[in-house]
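In what follows, a single structure is set out as structure tokens and then discussed.
Nothing fancy with the numbering, it's 1 onward along the sequence.
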Amino acid sequence: MRFSRHFAPVVLLGVLALTGCEDSTPTDDSAPAAPSAATPTASATPSPSPTPTATVAPDPVVPALHSRTYEEARAEFTSQDISTARLKAAAQHKDVTLPQNHDGWYICDTSPGRGTRLTADATVTVRLAKDFSDCTTSFHGYLHQKNDPAYVPPRTAAPKPKPTPTRAPAPAPTKAPTKPAGGSTITCPDGKPGFACTSNGHPVVDGQFCAKADRGRTLMATNRTMVTCSYDPSITPYRWQ
């Protein structure tokens with residue numbers, strides 16, 4: 001179909017008008033607003049939560065056991081959650097044998113000592129005595145001194161000999177009365193004159209020493225006195241008197 005030359009510009013203007021109406025943006029407030037592009041926001045990276053650490057119970061310590069009985073020591077271990085298998089018993093003295101039932105025996109010492117921390121495999125050795133007073137008695141580790149190899153018993157003094165009874169000397173015999181004058185003299189082996197001779201050949205003289213062989217003999221001395229060879233307590237040895 002052919003259009004008039006004069007009609008062509010009018011048609012063109014109409015087409016342009018219609019195009020302008022379609023491209024205009026409506027201003028009605030009821031029209032929905034175009035969604036705006038969301039601006040991405042940086043989210044914080046969560047920090048890792050710490051791994052919970054298991055709580056380790058501290059090592060137990062050796063309780064005060066001195067002067068307690070072995071039975072009381074076992075009860076103390078139980079109260080502190082320490083295995084009684086870690087409690088070892090031994091005798092305090094070398095010459096004492098620990099009986100199988102020693103619950104009533106007293107603790108003299110512990111190894112390790114009071115307050116020492118016990119590792120997992122550590123044990124406690126207690127030294128026991130039947131009587132608590134024996135804890136302070138020790139002869140180089142022995143309860144009885146006689147069992148100590150270093151003990152030397154004191155020497156026993158030899159008994160004193162019994163004194164020999166002293167016999168009182170016989171009293172001096174009484175001089176015999178003097179014989180009347182007129183006795184005869186003799187010559188003794190030594191060549192001297194006298195009224196009697198001693199066993200060794202001398203004249204008997206009153207007051208002189210006499211030989212052993214003359215003891216008990218009574219003879220006449222040179223002064224005409226009868227004398228006896230006897231013992232005088234005030235004068236020794238035997239004399240003619």
Side-chain angles (χ1 to χ4, degrees), residues 50-172 209 211-213 215-216 229-239:
T51 303
T53 304
T55 303
V56 179
D59 293 332
V61 298
V62 179
L65 301 177
H66 180 70
S67 76
R68 295 188 177 186
T69 63
Y70 185 73
E71 184 178 12
E72 292 173 341
R74 289 173 58 88
E76 182 67 22
F77 267 50
T78 301
S79 67
Q80 296 194 23
D81 293 331
I82 306 174
S83 173
T84 55
R86 304 174 71 176
L87 188 64
K88 307 298 181 182
Q92 171 73 356
H93 302 96
K94 299 176 183 178
D95 54 343
V96 174
T97 301
L98 199 66
Q100 184 175 3
N101 182 10
H102 47 265
D103 288 347
W105 285 43
Y106 292 90
I107 297 176
C108 302
D109 195 12
T110 62
S111 179
R114 171 187 178 184
T116 304
R117 292 212 170 267
L118 297 174
T119 56
D121 57 348
T123 59
V124 178
T125 301
V126 291
R127 300 283 179 179
L128 305 177
K130 185 175 182 180
D131 296 322
F132 182 66
S133 59
D134 291 341
C135 289
T136 56
T137 302
S138 178
F139 297 96
H140 297 94
Y142 295 85
L143 177 61
H144 303 287
Q145 188 178 28
K146 64 180 181 180
N147 296 334
D148 180 8
Y151 172 66
V152 178
R155 293 182 178 179
T156 304
K160 295 182 179 180
K162 294 182 180 181
T164 304
T166 304
R167 294 182 180 181
F209 299 129
K212 185 176 182 180
R215 292 179 182 179
C229 179
S230 60
Y231 176 80
D232 186 348
S234 62
I235 303 173
T236 55
Y238 282 72
R239 290 176 179 271

TODO: Only pairs at least two apart or in different chains count here, so list each side chain to side chain donor-acceptor pair (under 3.5 Å) that has a residue in residues 97-111.
DONE: none
Open item on the list: Rounded to the nearest 0.5 Å, what separates atom CG in Leu65 from atom SG in Cys108?
Closed with: 12.5 Å
Task: Atom CZ of Arg114 with >12 non-hydrogen neighbours under 6.0 angstrom - done: no
Open item on the list: Once side chain to side chain donor-acceptor pair (under 3.5 Å) is applied, what residue pairs with a partner in residues 146-158 remain, sequence neighbours excluded?
Closed with: Asp95-Asn147, His140-Asp148
Open item on the list: Going by the rule ring-ring contact (aromatic ring centres under 6.0 Å, His included), which residues pair with His144 if we only count those two or more places apart in sequence or in a different chain?
Closed with: none
TODO: Using the side chain to side chain contact (heavy atoms under 4.5 Å, CB included) rule, pick out the option among Leu118, Val62, Thr125, Asp121 that qualifies with Arg86.
DONE: Leu118
Task: Shortest non-hydrogen contact between Ile107 and Ala73, atoms and distance - done: CD1-CB, 3.6 Å
TODO: Kindly compute the distance separating CG (Leu87) from OG1 (Thr123), expressed to the nearest 0.5 Å.
DONE: 9.0 Å
- [ ] Over all heavy atoms of both residues, which pair between Ser83 and Phe77 is shortest? Give the atoms and the distance, please.
- [x] O-CD2, 3.6 Å
Task: Set of residues satisfying side chain to side chain donor-acceptor pair (under 3.5 Å) with respect to Glu76, sequence neighbours excluded - done: Arg68, Gln80
Open item on the list: Can you pull out every ring-ring contact (aromatic ring centres under 6.0 Å, His included) where at least one residue sits in residues 107-138? Sequence neighbours excluded, please.
Closed with: His66-Phe132
Open item on the list: Once side chain to side chain donor-acceptor pair (under 3.5 Å) is applied, what residue pairs with a partner in residues 128-139 remain, sequence neighbours excluded?
Closed with: none
- [ ] Show your reasoning for whether side-chain contact (heavy atoms from CB on, under 4.5 Å) applies to Arg239 and Phe209.
- [x] CA-CA 4 Å; Arg239 290 176 179 271; Phe209 299 129; 3.0 Å; yes
